Amino acid sequence: MSALLFDAPELPVVAVRGETAAFPVRRVFCVGRNYAAHAAEMGHEVDREKPFYFTKSVFAVTPSGATVAYPPGTEDFHYELELVLAIGKPVFKAAKDEAMAAIYGYACGLDMTRRDLQISERVKQRPWDLGKDVENSAVVAPITKAGEMGAIGPQRIRLEVNGEVRQDALLSDMVWKAEEIVSHLSGFYHLKPGDLIMTGTPAGVGPVVAGDRLVGQIDGLEDIALQIGDPD
Ligand code: MN
């Protein structure tokens, strides 16, 4: 091992309910348009042929309870509450049952988005990075192990901003189920322990301003909280 020119950055970790050891994060994948009502509010229909993805830098991972500065370059910073899948086993070109077995646990996540930049990039057929790979934009609450969560479907997913309900749906509204996403994504990547997948947001996305307090809940999981700070 050669010497390093400067200290290597530490990878983010996510706490696990009931464990003293934390979950080290490797990569962050995100699914687009996974709830029909949200796709419609964004001016699209869901593509039922296949899911699609974007990614965020692993260094965008931020713990629940953080205060995040309103980011630069946007006037339309949005929340998206999502179910996060935490991968715990290597999985590649997996069928659905193997994909399901690779899910270590679940968490609430916030895919914070510079919506104005996402849309302006989309219109120009450019990549979404400036809109989506925002610093501190992958907020993840503590993970609950899959066996403690039970089957995904009847749980409610609900976000409040300053105490007002903005998103309220059921996980059964997801177009692509957890195991379908892992199975499909594993056709393109060697998924490994530490990979996180944000599975898309229900309808009701909207902007935040400095001072806003977000609280998200999914039945059976730890709540997620985020405070929006003053601009950087
Ligand atoms: Mn999203």
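In this text, all values refer to a predicted model and were calculated from it rather than measured experimentally. Indexing begins at 1, ligand by ligand and atom by atom, following the structure's order.
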For the Mn ion (ligand 1) the protein N, O or S atom count under 2.8 Å stands at 3
All pairs passing ring pair (Phe, Tyr, Trp, His ring centres under 6.0 Å) where residues 152-178 contributes a residue, at least two apart: none
Give every residue pair that meets the ring pair (Phe, Tyr, Trp, His ring centres under 6.0 Å) criterion with at least one member in residues 202-232, sequence neighbours excluded. none
Suppose we call two aromatic rings close when their centres sit under 6.0 Å apart. Are H184 and Y53 close by that rule? yes
Closest heavy-atom pair, R27 versus K192, reported as atoms and distance to 0.1 Å, is NH2-N, 4.4 Å
When you compare the side chains of D116 and T74, does any donor N or O come within less than 3.5 Å of an acceptor on the partner? yes
Please report, to 0.1 Å, the donor-acceptor pairs under 3.5 Å made by any side chain of residues 79-87, with sequence neighbours excluded.
| from | atom 1 | to | atom 2 | distance (Å) |
| --- | --- | --- | --- | --- |
| Y79 | OH | G204 | O | 2.7 |
| Y79 | OH | G206 | N | 3.3 |
| E80 | OE1 | K132 | NZ | 3.2 |
| E80 | OE2 | R115 | NH1 | 2.8 |
| E80 | OE2 | R115 | NH2 | 2.8 |
| E80 | OE2 | K132 | NZ | 3.2 |
| E82 | OE1 | G200 | N | 2.8 |

